[in-house]
Q: 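If you scroll down you'll find the structure; I have some questions about it.
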2 protein chains.
Amino acid sequence: MAADKPTPGCCVDFAFQRIGGKYKGRILWCIHESGLQRYGQLKKSISGITPKMLTQTLRELEQDKLVHRQVYLEVPPRVEYTLTDSGRKLIPFIDYLKQWVEELVEQDPTVDLHG
Amino acid sequence: MAADKPTPGCCVDFAFQRIGGKYKGRILWCIHESGLQRYGQLKKSISGITPKMLTQTLRELEQDKLVHRQVYLEVPPRVEYTLTDSGRKLIPFIDYLKQWVEELVEQDPTVDLHG
DNA sequence: CGGGATCCCAGGAGATACTG
DNA sequence: CAGTATCTCCTGGGATCCCG
């Protein structure tokens, strides 16, 4: 038990660096929930995302070991993205966030989700 | 029962807009956990934040009704920030995130929290 | 199909100085 | 003590075109 515990603020900061990007939450959620795991499907279901951003964000998620990238050597090429164990552990928390927003909307239907 | 349910992706996106800022998580956590509610105390305990960013972020949190700002008309001036009900509901989730990072560090002590 | 390369810009964030 | 006001810089992210 060598390691001294990191400070809470530090952890919160770190967590947001990992999942705070513009699309990271949505991508993780999308891979998990809809079972859409292929690049093209993700692109279609995440409205507004450009191929560059999708690729770039997936690469970051892969480096951070939240997402696993499986390439199948076929023609036409096929690539599938799945959550790692670590990534899967984030799902309950994204789910919590989602419920939080749904509550907000119920209590005040005037909130603009796209503002 | 008029409102149709917003899409999940939409909610996740919205949630991250509200809490995804560079310091929002840390500020919420700090107000909650350490009981540090005054501007100067927050500034001291959130390392690296500038007065501009602290003020600006607190204002956004106030507008989004996650934080309540109480001004006391005294000399010297005193202002206290507290979590609203809505803001308080985010604490479990930030806590969850914090634990997620602590687990990461335990499993791989080489991760650089400040990278 | 699943990307990569390049160019470009708004606005997020820092540094510094000042104020009621 | 609790902020404001500028000024500036950097980079996250968009648009567009191209590739194996």
Side-chain angles (χ1 to χ4, degrees), chain A residues 9 12-28 30-31 34-64 66-82 114-115, chain B residues 9 12-28 30-31 34-64 66-82 114-115:
Chain A
V12 173
D13 202 28
F14 177 80
F16 275 93
Q17 282 177 39
R18 296 237 157 162
I19 60 162
K22 183 167 184 181
Y23 297 102
K24 283 187 176 174
R26 283 169 78 185
I27 290 180
L28 288 173
C30 198
I31 293 179
S34 64
L36 297 174
Q37 301 169 336
R38 296 189 57 180
Y39 185 91
Q41 293 176 309
L42 289 173
K43 186 156 149 36
K44 261 180 258 172
S45 67
I46 298 173
S47 63
I49 198 168
T50 60
K52 174 187 145 188
M53 277 312 294
L54 180 53
T55 301
Q56 179 180 310
T57 309
L58 283 168
R59 290 294 183 280
E60 290 169 15
L61 291 173
E62 193 192 354
Q63 277 183 31
D64 293 342
L66 302 182
V67 156
H68 175 68
R69 179 170 183 262
Q70 178 73 12
V71 182
Y72 297 92
L73 296 175
E74 304 173 352
V75 178
R78 181 161 64 103
V79 179
E80 283 183 0
Y81 295 92
T82 51
H114 304 91
Chain B
V12 174
D13 202 27
F14 177 80
F16 274 94
Q17 281 177 40
R18 296 236 157 163
I19 61 160
K22 183 165 183 184
Y23 297 103
K24 283 187 177 175
R26 282 169 79 185
I27 290 179
L28 289 173
C30 197
I31 293 179
S34 64
L36 297 175
Q37 301 169 335
R38 298 188 57 177
Y39 184 92
Q41 294 176 308
L42 290 172
K43 187 156 148 36
K44 261 181 254 171
S45 67
I46 298 173
S47 62
I49 199 169
T50 61
K52 174 188 145 188
M53 277 311 293
L54 180 53
T55 301
Q56 179 180 310
T57 309
L58 283 169
R59 290 294 185 278
E60 291 169 14
L61 291 173
E62 192 191 356
Q63 276 183 31
D64 294 341
L66 302 182
V67 156
H68 175 69
R69 180 170 182 261
Q70 178 73 11
V71 182
Y72 298 91
L73 294 176
E74 305 174 350
V75 178
R78 180 161 64 104
V79 178
E80 283 184 359
Y81 295 91
T82 51
H114 304 91

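Chain letters run A, B, ... following the sequence lines, proteins first and then strands; every chain starts at 1. Just so it is clear, the model here is predicted, and its values are computed rather than measured. Side chains are part of it too, since the values below use all heavy atoms of this structure and drop only hydrogens, waters and symmetry mates.
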Q: Which value, rounded to the nearest 0.5 Å, describes the distance between T57(B) atom OG1 and I46(B) atom CD1?
A: 8.5 Å

Q: Pick the nucleotide of DNA chain D nearest each of Y23(A) and R78(B); which residue has the one closer to the 5' end?
A: R78(B)

Q: Decide side chain to side chain contact (heavy atoms under 4.5 Å, CB included) for R69(A) and V67(A); before the verdict, give the C-alpha distance in whole Å, the side-chain angles of both, and the deciding distance to 0.1 Å.
A: CA-CA 7 Å; R69(A) 179 170 183 262; V67(A) 156; 5.5 Å; no

Q: How many angstroms lie between atom CZ of R26(A) and atom CG of D13(B), to the nearest 0.5 angstrom?
A: 4.0 Å

Q: Atom OG1 in T55(B), atom CD in E62(B): separation rounded to 0.5 Å?
A: 11.0 Å

Q: Just how far is it from atom CG of L28(A) to atom CG of L61(A), taken to the nearest 0.5 Å?
A: 5.0 Å

Q: May I ask you to list the residues of residues 37-60 of chain A, by number, that have any heavy atom positioned under 4.0 Å from an atom of DNA chain C?
A: R38(A), Y39(A), G40(A), K52(A), T55(A), R59(A)

Q: Any side-chain to backbone donor/acceptor pair from Y39(B) onto Y81(B)? Under 3.5 Å, distance only.
A: no

Q: Return a table of donor-acceptor pairs under 3.5 angstrom between the side chains of residues 14-25 of chain B and protein atoms on other chains or two or more places apart.
A:
{"from": "K24(B)", "atom 1": "NZ", "to": "R18(B)", "atom 2": "O", "distance (Å)": "3.2"}
{"from": "K24(B)", "atom 1": "NZ", "to": "E60(B)", "atom 2": "OE1", "distance (Å)": "3.2"}

Q: Whole-Å distance between dC1(C) C1' and Q70(A) CD?
A: 16 Å

Q: Could you tell me the separation between the CZ atom of F16(A) and the C1' atom of dG12(C), rounded to a whole number of Å?
A: 17 Å

Q: Taking 5' to 3' order, which nucleotide of DNA chain D is first and which is last to have an atom within less than 4.0 Å of a heavy atom in chain B?
A: dC1(D) to dT6(D)

Q: Which is true for Y72(B) with a 4.0 Å heavy-atom rule: it touches a base, it touches only sugar-phosphate, or it touches nothing?
A: nothing

Q: Between atom CZ of R59(A) and atom CG of L54(A), what is the distance when rounded to the nearest 0.5 Å?
A: 9.0 Å

Q: How many Å lie between NZ on K22(B) and C1' on dG12(C), as a whole number?
A: 9 Å

